[in-house]
Trainee: 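What follows is a structure written as structure tokens; I'll ask about it next.
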Amino acid sequence: MRMRLAVVAVLLLAVAVVSIGAVGGTVPASESPLAQSSNDTANEAPPDPEADRLGWEDGRWYNESIDVTPEDGLNDTELDLVVARGMARVEHVRGLEFEETPPVEVISRDEFREETGSRYGNVTESQRLAENVYYEALLMVDESTDAVGVQQSNTAGGVGGYYDPASGEIKIVSENTDTPQMNEITLSQELFHALQDQKFNISSFNQSTQELHNARDGIIEGDGNYVDYLYQQSCENEWDGECIMPEDGGTPSDFDPHFGLYQIQLQPYSDGPAFVSDLHEEEGWEAVNEVYENPPASTEQTIHPDKYGADAPTNVTVEDTSSEDWRPLDVANGTDYESFGEAGLYVTLWYPGYESQGQTQIIEYNNHLNLDGQSLDEIDPYNYDHPYTAGWDGDRLVPYVTDDSFETNETGYVYEMVWDSEDDATEFLDGYEQLLEYRGAEPIQANESTYRIADSERFDDAFYVEQDGANVTIVNAPTVEALSDIRAGAAPADETDPGDDTPADEPTDTQTDEPTDSPSETTTETGDGFGPGFGVLAAALATIAVALVAARRL
């Protein structure tokens with residue numbers, strides 16, 4: 001199974017401390033609290049029911065005032081009160097009954113960093129090498145950077161809490177080690193994940209690749225974040241602001257994530273809630289519950305909800321035709337291939353615009369933001385739909401190694417993709433070739449569809465790109481010569497070429513500096529082109545990102 005940290009969901013919020021006021025009301029034991037009027041008398045808790053019911057847990061109603069002082073941290077008694085009422089509130093919002101109370105513990109950020117380091121530190125040598133290949137293939141994490149370390153940093157600094165399905169425990173991460181605090185919205189999401197596992201056994205879902213992880217999270221995190229949204233609305237309205245949200249419950253000031261990897265992980269946190277919200281509004285909670293029996297099979301199905309249940313992805317296979325010097329990497333305790341799906345490929349082509357501060361845009365920066373004027377959509381802040389990556393139908397990335405790869409870090413890969421049509425495949429290749437150009441790749445004249453990046457500090461590799469109808473194959477190797485060793489027939493000689501390795505776009509004596517024709521619509525865009533301005537939107541992107549980020553499962 002692929003390396004995934006055993007953390008299901010996180011919601012970080014940095015908001016002011018809310019004083020604990022009175023919201024309760026008097027409700028007869030025989031009357032459902034769900035029908036309670038907002039004009040009920042405050043400070044009077046409803047009587048306990050004779051049997052467990054929706055909206056009541058461990059002696060607390062969802063709308064009941066509790067005697068806690070969150071400003072100085074929660075002691076064990078106060079934490080039990082907050083958890084009981086939180087469970088009742090989640091039941092009230094979602095209409096599902098808890099079967100048991102999950103243990104909840106508040107831990108410091110330092111404790112969580114130690115725990116994260118231990119989990120990531122236990123990855124096998126082959127897992128680490130595979131991760132390097134996977135994210136290098138997206139041209140996001142370069143050859144000199146440890147991809148596992150990047151993911152560990154993203155996780156350790158950006159998690160506000162998590163539910164561990166292996167133990168059934170919830171841990172809330174607090175910045176303040178002296179008086180640990182807890183954010184009620186973070187708690188509500190982790191409580192809901194525990195409820196999901198009790199009702200739908202979400203820990204059994206196959207999430208062995210990034211694509212499967214994001215696909216399944218379309219319902220897991222989509223439902224969880226939609227419930228959080230409804231919970232937040234109730235905090236502000238129905239419960240008169242009586243929710244615990246400490247000032248220091250947000251992101252640490254030294255948090256510096258890799259936003260490319262973040263944006264891949266965030267896709268189900270944006271498209272998922274919109275997917276669930278539409279189902280709930282149109283068909284009710286029962287329709288949402290039914291999705292757990294048939295969870296989304298791809299990110300395509302939540303990016304384009306009309307494809308859910310109607311467009312199953314192709315199971316792509318990669319035939320091994322390598323020479324005796326190269327072999328597919330055997331990943332100990334992990335999956336020996338990766339899939340990034342439509343969401344991952346979208347971010348791959350969008351990321352240069354973010355990384356270059358808008359100087360190079362393959363997918364325009366603004367395309368990624370669901371803007372209403374200057375504001376981002378509350379439920380669905382990010383867009384992952386673009387013609388370059390729409391029409392995805394399946395992909396599989398297989399890393400290749402030699403006997404020396406663990407010492408030299410020299411690797412290769414074969415990345416097979418299937419698209420809905422030949423036109424879709426051509427459109428993706430247009431964007432991908434722009435990505436190669438952005439990273440400094442130059443065509444090799446002596447070989448067909450072959451490129452070389454000569455950047456020893458970042459991406460120092462050769463690439464062969466082939467389209468066969470609706471199929472796309474990308475082969476990567478340390479040298480042009482090694483391409484055909486990894487994939488037989490890759491980088492064939494160009495019979496029409498003079499036969500040297502001079503890049504096709506290198507100036508010759510016959511070339512001039514006169515202007516060429518204006519660029520076509522598919523040429524890489526440069527400049528800002530951001531409307532409100534790159535800085536404003538980049539800040540919005542970062543703010544929402546740290547509010548939605550989740551850690552991964554091991």
Side-chain angles (χ1 to χ4, degrees), residues 134-135 137-141 209-215 217-218 221-222 258-275 296-308 311 313-314 316 338-356 358 360-371 376-377 380-397 415-421 423-436 438-439 472 474 522 524-525 537-538 541 544-545 548-549:
Y134 298 148
Y135 290 99
L138 301 187
L139 296 177
M140 282 192 193
V141 178
T209 67
Q210 185 66 61
E211 166 66 351
L212 279 175
H213 206 289
N214 281 6
D217 273 1
E221 303 299 351
H258 187 294
F259 271 94
L261 271 61
Y262 246 29
Q263 292 304 309
I264 294 175
Q265 295 172 347
L266 288 176
Q267 183 269 332
Y269 292 79
S270 184
D271 289 325
F275 172 76
S298 65
T299 53
E300 178 188 49
Q301 293 185 355
T302 51
I303 295 171
H304 313 278
D306 59 308
K307 296 193 174 186
Y308 170 70
D311 187 0
T314 296
V316 178
E338 180 58 287
S339 173
F340 287 105
E342 182 175 349
L345 294 174
Y346 172 93
V347 175
T348 297
L349 299 183
W350 169 85
Y351 183 64
Y354 181 87
E355 183 184 56
S356 70
T360 299
Q361 298 179 73
I362 300 171
I363 291 179
E364 186 181 356
Y365 185 87
N366 273 6
N367 185 84
H368 189 41
L369 305 177
N370 286 328
L371 291 167
L376 288 169
D377 186 285
D380 186 11
Y382 298 132
N383 172 54
Y384 289 81
D385 180 16
H386 190 274
Y388 282 150
T389 49
W392 171 94
D393 199 52
D395 69 290
R396 179 174 292 215
L397 170 61
Y415 198 177
E416 296 272 15
M417 304 173 190
V418 178
W419 299 83
D420 287 338
S421 69
D423 287 345
D424 290 324
T426 300
E427 199 142 27
F428 169 76
L429 276 184
D430 181 21
Y432 183 76
E433 287 169 351
Q434 293 178 55
L435 176 63
L436 288 175
Y438 169 71
R439 290 301 183 195
V472 171
I474 300 170
T522 58
T524 304
E525 301 174 18
L537 296 183
L541 176 81
I544 299 298
L548 293 175
V549 69

Trainee: What closest approach, in Å, do Phe428 and Thr389 show between heavy atoms, and which atom pair accounts for it?
Mentor: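 So the minimum-distance heavy-atom pair works out to CD1-CG2, 4.4 Å.
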Trainee: Is the backbone N or O of Asp395 less than 3.5 Å from a side-chain atom of Ser339, with the two atoms forming a donor-acceptor pair by type?
Mentor: yes
Trainee: By the definition side-chain hydrogen bond (donor to acceptor under 3.5 Å, both in side chains), identify the one residue from Glu433, Glu355, Gln361 that meets it with Tyr438.
Mentor: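 Exactly one pass, corresponding to Glu355.
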Trainee: Are Tyr135 and Phe340 near enough that their ring centres are under 6.0 Å apart?
Mentor: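 Ring centres of Phe340 and Tyr135 closer than 6.0 Å.
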Trainee: Mind listing the closest non-hydrogen atom pair of Ala343 and Thr299 along with its distance?
Mentor: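 Taking every non-hydrogen atom into account, N-OG1, 3.2 Å.
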Trainee: Hey, what do you get for OG1 (Thr302) to OH (Tyr308), rounding to the nearest 0.5 Å?
Mentor: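 Output value for this atom pair is 11.0 Å.
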Trainee: Does Trp392 reach the side chain of Pro313, with side-chain heavy atoms less than 4.5 Å apart?
Mentor: yes
Trainee: Starting at CG of Asp271, measure out to CD of Gln301 and round the result to the nearest 0.5 Å.
Mentor: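 Here the rounded value is 12.5 Å.
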Trainee: Side-chain contact test, heavy atoms from C-beta onward, threshold under 4.5 Å: evaluate it for Leu266 versus Tyr384 and give yes or no.
Mentor: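 The answer is yes, as the side chains (C-beta and beyond) meet within the 4.5 Å cut-off.
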Trainee: If we ignore angles and hydrogens, is there a donor and acceptor under 3.5 Å between the side chains of Tyr346 and Gln267?
Mentor: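 No.
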Trainee: Is there a donor-acceptor contact under 3.5 Å from the side chain of Asn370 to the main chain of Asp380?
Mentor: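 Confirmed, Asn370 side chain pairs with Asp380 backbone.
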Trainee: If I compare all heavy atoms of Pro381 with all of Leu376, which pair ends up nearest, and what's the gap?
Mentor: O-CD2, 3.6 Å
Trainee: State, to 0.1 Å, how close Pro305 and Phe275 come at their nearest heavy-atom pair, and which atoms those are.
Mentor: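 What the structure gives for the nearest pair is CB-CD1, 4.1 Å.
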Trainee: Find out whether Leu435 and Pro352 are in side-chain contact, i.e. whether some heavy atom of one side chain is under 4.5 Å from a heavy atom of the other.
Mentor: yes
Trainee: Any side-chain heavy atom of Leu139 within less than 4.5 Å of one from Thr348?
Mentor: no
Trainee: Does the side chain of Glu342 reach to within under 4.5 Å of the side chain of Glu211, using non-hydrogen atoms?
Mentor: no
Trainee: Could you grab the distance from atom CD of Gln263 to atom NE2 of His258, nearest 0.5 Å is fine?
Mentor: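 Output value for this atom pair is 11.0 Å.
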Trainee: Under a 4.5 Å cut-off applied to non-hydrogen side-chain atoms, are Leu369 and Asn383 in contact?
Mentor: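 No - every pair of side-chain heavy atoms lies 4.5 Å or more apart.
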Trainee: Are side-chain heavy atoms of Tyr388 and Gln434 found at a separation under 4.5 Å?
Mentor: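 A side-chain contact under 4.5 Å exists here.
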Trainee: How far does CG of Asn367 sit from CD1 of Ile362, to the nearest 0.5 angstrom?
Mentor: 13.0 Å
Trainee: How close do Asp424 and Asp420 get, heavy atom to heavy atom, and via which atoms?
Mentor: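 Closest approach of Asp424 to Asp420: OD2-CB, 3.3 Å.
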Trainee: Under 6.0 Å between ring centres: does that hold for Trp350 and Tyr354?
Mentor: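 Yes - the distance between ring centres of Trp350 and Tyr354 falls below the 6.0 Å cut-off.
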Trainee: Ignoring hydrogens and geometry, is there a side-chain-to-backbone donor-acceptor pair from Asp385 to His304 under 3.5 Å?
Mentor: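 No: the side chain of Asp385 does not pair with the backbone of His304.
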Trainee: A side-chain contact here means heavy atoms from C-beta on lying under 4.5 Å apart; do Met140 and Leu261 qualify?
Mentor: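 Answer yes - side chains close enough.
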Trainee: Determine the minimum heavy-atom distance between Val316 and Gly394, stating which atoms define it.
Mentor: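 Val316 and Gly394 have their closest heavy atoms at CG2-C, 3.5 Å.
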Trainee: Looking only at side-chain N and O atoms, does Thr314 offer a donor or acceptor that is under 3.5 Å from a partner on Asp393?
Mentor: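 A donor-acceptor contact under 3.5 Å links the two side chains.
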Trainee: To the nearest 0.5 Å, what is the distance between CD (Glu364) and NE2 (His386)?
Mentor: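 These two atoms lie 8.0 Å from each other.
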Trainee: Give, for atom CD of Glu300 and atom CG of Asn214, the distance between the pair rounded to the nearest 0.5 Å.
Mentor: 14.0 Å
